[in-house]
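Notes to accompany the following structure.
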Amino acid sequence: MDAAGAKWGVVVVAAGRGTRMGTAESKQYLLLQDKPILVHTLEGFQAMDEIAEVVLVVGKEDTARCEQFVSAYGLSKVKSVLVGGSERQHSVAIGIKALDSGIEWAMVHDGVRPLVTANAVRRCMVKAEETEAAVLAVPVKDTIKQVNETGVITSTPDRRSLWAIQTPQAFRRSLLQQALAQAERDGFLGTDDASAVEHMGVPVSVAEGEYTNIKITTPEDLPYAEFLLASRERERG
Ligand SMILES: Nc1ccn([C@@H]2O[C@H](COP(=O)(O)OP(=O)(O)OP(=O)(O)O)[C@@H](O)[C@H]2O)c(=O)n1
Ligand SMILES: C[C@](O)(CO)[C@H](O)COP(=O)(O)O
């Protein structure tokens with residue numbers, strides 16, 4: 001599937017500390033098949049013709065090694081490596097402003113989602129070009145409960161309306177920038193980019209994600225990601 005032909009900018013956010021992973025090294029720099037997770041992620045966008053530019057947002061202490069990755073792995077679409085903020089939303093706001101002024105369409109992607117496929121990214125881009133704002137998502141497989149602070153279930157939302165949200169999240173660039181500025185003014189902090197757009201009252205669509213587009217978050221995610229990468233290599237022959 002081809003995206004509609006627009007050239008896109010991508011903000012890859014990788015300025016988190018990976019607290020839930022619990023490793024001394026931030027999780028985005030852990031190796032998957034001898035390559036940092038973040039490099040796998042960046043290589044995915046490097047390979048897509050529709051992507052004109054990537055802005056990489058990282059921790060202050062990591063800019064030098066990331067600039068080194070850019071040259072060592074030939075990541076020529078990475079135009080800048082910037083220092084992120086204290087929350088993901090702040091890192092996104094820093095990155096989006098840095099995209100070239102000619103970029104009209106922008107995606108945000110977690111540096112720790114290295115397994116996203118080009119087909120899934122394209123579905124998200126196409127949906128955003130139709131609707132202005134779209135995110136990858138998959139229907140939840142488990143029954144989800146709301147549980148109170150004493151550990152007692154308070155409700156069981158209808159699973160048919162529940163989706164697990166992934167990245168990329170794709171927008172007309174001006175819409176996302178406006179939404180992030182509004183969120184900042186209102187003191188609104190969301191855990192994803194769509195939340196800021198929703199906060200403005202603008203609808204966000206979902207595009208079909210993939211269950212394998214995992215966010216590497218806790219230690220058990222690492223062997224699963226290794227397994228998925230190895231399976232893909234075997235399939236390619
Ligand atoms: N201030 C922050 C916080 C997070 N992120 C990035 O947002 C993505 C998704 O966040 P998450 O998985 O929660 O990463 P961490 O914040 O690093 O993890 P944790 O919450 O376990 O500390 C990651 O690529 C992370 O590096 C970021 O750029 N800036
Ligand atoms: C953006 C995201 O990856 C969508 O699933 C997620 O919301 C990031 O949230 P986290 O709290 O930083 O893991």
Side-chain angles (χ1 to χ4, degrees), residues 10-30 32 36-45 54-63 65-66 69 78 80-99 106-116 120-121 124 128 133-142 144 162-171 176 179-180 183-184 188-199 204-222 224-225:
V10 184
V11 176
V12 172
V13 282
R17 282 292 307 119
T19 322
R20 286 169 286 179
M21 182 60 75
T23 45
E25 178 70 286
S26 297
K27 61 184 178 178
Q28 53 272 38
Y29 303 107
L30 299 177
L32 272 185
I37 287 170
L38 179 59
V39 171
H40 284 279
T41 303
L42 294 168
E43 284 183 338
F45 292 106
V54 176
V55 167
L56 175 59
V57 187
V58 301
K60 191 163 57 176
E61 59 292 351
D62 298 317
T63 51
R65 68 165 142 179
C66 286
F69 291 160
V78 178
S80 36
V81 178
L82 303 174
V83 175
S86 59
E87 300 289 341
R88 184 184 179 283
Q89 185 174 299
H90 302 139
S91 298
V92 172
I94 289 165
I96 198 91
K97 284 184 206 145
L99 287 171
M107 269 182 286
V108 182
H109 189 66
D110 295 328
V112 291
R113 286 192 192 266
L115 290 154
V116 70
V121 174
C124 195
V135 302
L136 285 187
V138 287
V140 299
K141 297 189 207 178
D142 294 327
I144 306 289
L162 295 174
W163 293 68
I165 300 303
Q166 305 179 338
T167 66
Q169 305 205 348
F171 308 89
L176 180 58
L180 290 167
E184 180 67 26
F188 173 86
L189 194 60
T191 55
D192 74 345
D193 316 299
S195 299
V197 174
E198 293 162 51
H199 174 71
V204 180
S205 302
V206 296
E208 186 194 343
E210 289 167 346
Y211 288 101
T212 52
N213 178 19
I214 59 167
K215 180 162 74 64
I216 296 182
T217 306
T218 51
E220 64 274 14
D221 296 330
L222 287 167
Y224 183 46

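Residue numbers start at 1 and run along the sequence shown. Just follow the structure's listing: the first ligand is 1, and inside any ligand the first atom is 1.
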Give me the nearest non-hydrogen protein atom to [atom] as residue plus atom name, then the distance to 0.1 Å.
| atom | value |
| --- | --- |
| atom 26 (O) of ligand 1 | Gly16 N, 2.9 Å |
| atom 15 (P) of ligand 1 | Gly18 N, 3.7 Å |
| atom 9 (C) of ligand 1 | Asp110 OD1, 3.5 Å |
| atom 14 (O) of ligand 1 | Lys27 NZ, 3.3 Å |
| atom 19 (P) of ligand 1 | Thr19 N, 3.5 Å |
| atom 1 (N) of ligand 1 | Gly85 O, 2.9 Å |
| atom 29 (N) of ligand 1 | Ser91 OG, 2.7 Å |
| atom 24 (O) of ligand 1 | Val13 O, 2.8 Å |

Please confirm whether Val57 comes under 4.0 Å of ligand 1, counting heavy atoms of the residue only.
no

Contact between ligand 1 and Gly84 is defined here as a heavy atom of the residue under 4.0 Å from a ligand atom; is it met?
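Checking ligand 1 against Gly84, which is what was asked, there is no heavy-atom contact under 4.0 Å.
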
May I ask you to say whether Asp221 pairs ionically with Lys215, meaning some side-chain N is under 4.0 Å from a carboxylate O?
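Here Asp221 does not pair with Lys215 in a salt bridge, since their nearest N and O are not under 4.0 Å apart.
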
Can you tell whether the side chains of Glu25 and Arg65 come within less than 4.0 Å, N to carboxylate O?
yes

Under 3.5 Å, side chain of [X] to main-chain N/O of [Y], donor-acceptor pair present?
| X | Y | result |
| --- | --- | --- |
| Gln28 | Ala14 | yes |
| Gln169 | Ala194 | yes |
| Thr41 | Gly111 | yes |
| Glu198 | Val204 | no |
| Lys27 | Ile216 | yes |
| His40 | Leu32 | yes |

Pairs under 3.5 Å, N/O atoms on ligand 2 and on the protein: can you put them in a table with the distances?
from     : atom 1 : to     : atom 2 : distance (Å)
ligand 2 : 3 (O)  : Asp110 : OD2    : 2.5
ligand 2 : 3 (O)  : Arg113 : NH2    : 2.9
ligand 2 : 5 (O)  : Arg113 : NH2    : 2.9
ligand 2 : 5 (O)  : Ile165 : O      : 2.5
ligand 2 : 7 (O)  : Thr191 : O      : 3.0
ligand 2 : 13 (O) : Arg20  : NH2    : 2.9
ligand 2 : 13 (O) : Lys215 : NZ     : 2.6

Out of curiosity, [X] [atom1] to [Y] [atom2], how far, rounded to the nearest 0.5 Å?
| X | Y | atom1 | atom2 | value |
| --- | --- | --- | --- | --- |
| Met21 | Thr218 | CE | OG1 | 6.0 Å |
| Ile94 | Leu180 | CD1 | CG | 11.0 Å |
| Ile165 | Thr191 | CD1 | OG1 | 10.0 Å |

Could you pull out, from Arg88, His109, Gln89, Arg20, the option with a heavy atom nearest to atom 13 (O) of ligand 1?
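The residue whose heavy atom sits nearest atom 13 (O) of ligand 1 is Arg20.
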
Taking the side chain as every heavy atom from C-beta outward, state whether Asp110 and Arg88 have any pair of such atoms under 4.5 Å apart.
yes

Below 3.5 angstrom, do we get any N/O pair linking Ala15 and ligand 1?
yes

Could you tell me, atom by atom, which parts of ligand 1 come under 4.0 Å of a heavy atom of Ser86?
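Going through ligand 1 atom by atom, the ones under 4.0 Å from Ser86 are 1 (N).
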
With a cut-off of 4.0 Å, which atoms of ligand 1 are near a heavy atom of Lys215?
9 (C), 11 (P), 12 (O), 13 (O)

Would you please classify the geometry between the Phe69 ring and the Tyr29 ring as parallel, tilted or perpendicular, with 30° and 60° separating the classes?
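It falls in the tilted class, 30° to 60°.
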
